[in-house]
Amino acid sequence: TTSQLLADLFANGGELTLGENVEISAPLTTTTSNKIVLDGNGKSITYTGTDRAIQITQGNVEIKNLTINMPENTPESSRGINLYNGVTSAAIDVTLNNVTVNGYKAYAVNIGGGSNNKLTIKNSTLTGYAAINVNVAPENHTIVVDGCVLNGKNHNNNYHFGTVVIDGTNKHSLAIT
């Protein structure tokens, strides 16, 4: 099945072009440092779980031409795409190109731990409780946003949301063009 091909891609690395829309209930989690290239080919991944749709813990990951749909009733602790290298401590390099994340109450893209990660987002639309969120613990990340639409949505009249949120006082490099 396509969901199994996606799970295999994130476990082993390689390249995959989607030929159909797919629904997943468990996060796609990187367990390899091998390069991963996911070409959505204009298709979508609909995540029905309540955690992270895509959990990137290591390696070099490129995702392009893809829409990620989170559940409308997802908790605010959910993430569309989450970078967390606290497990391996090796830097992560992620490129999103022509990616749409419909996060609803979830953070569309989150950097949740580790250090020295690089996130490049091009020609993408990110919508969620925060379009981009960087948590307190990480430091020295480089984030480049080019030609994107970023939408932070306040669902509960809560002050803890924003379009781009960088928590804490750690050093990061952020360029938005």
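- Residues Asn123 and Asn97 meet the side-chain proximity criterion, which asks for heavy atoms closer than 4.5 Å.
- Expressed to the nearest 0.5 Å, how far CG of Leu18 lies from CG of Leu6 amounts to 5.5 Å.
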> For Val22 and Leu5, what are the C-alpha separation, side-chain angles and deciding distance, and is it a side chain to side chain contact (heavy atoms under 4.5 Å, CB included)?
Replying inline: CA-CA 11 Å; Val22 62; Leu5 291 173; over 6 Å; no
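- A distance of 5.5 Å separates CD1 of Ile63 from CD1 of Ile68, quoted to the nearest 0.5 Å.
- Within the 4.5 Å cutoff, the side chain of Leu9 has heavy atoms near those of the Leu38 side chain.
- Separation of atoms OG1 (Thr57) and CG (Leu83) is listed at 9.5 Å; rounding is to 0.5 Å.
- Taken from OG1 in Thr127 to OH in Tyr107, the straight-line distance is 15.5 Å, to the nearest 0.5 Å.
- Of the possible polar contacts, one joining the Thr32 side chain to the Asn34 backbone as a donor-acceptor pair under 3.5 Å is found.
- Side-chain atoms of Ser3 never come within 3.5 Å of backbone atoms of Thr1 as a donor-acceptor pair (strictly under, hydrogens ignored).
- We find the OG1-CG distance between Thr163 and Asn133 to be 11.5 Å, quoted to the nearest 0.5 Å.
- Between Thr30 and Gln55, the closest side-chain pair of non-hydrogen atoms is not below 4.5 Å.
- Under the 4.5 Å side-chain criterion, counting only non-hydrogen atoms from C-beta, Thr48 is in contact with Glu23.
- A distance-only check finds a donor-acceptor pair linking the side chain of Ser124 to the backbone of Val99 [under 3.5 Å].
- Contact check for Lys122 versus Leu96: no side-chain heavy atoms found under the 4.5 Å cut-off.
- In this structure, NZ in Lys64 is found 10.0 Å from CG in Asn41, a value given to the nearest 0.5 Å.
- In this view, Glu15 satisfies the salt bridge (charged side-chain N to carboxylate O under 4.0 Å, His left out) rule with no residue, not counting sequence neighbours.
- The shortest distance between side-chain heavy atoms of Thr67 and Ile45 does not fall below 4.5 Å.
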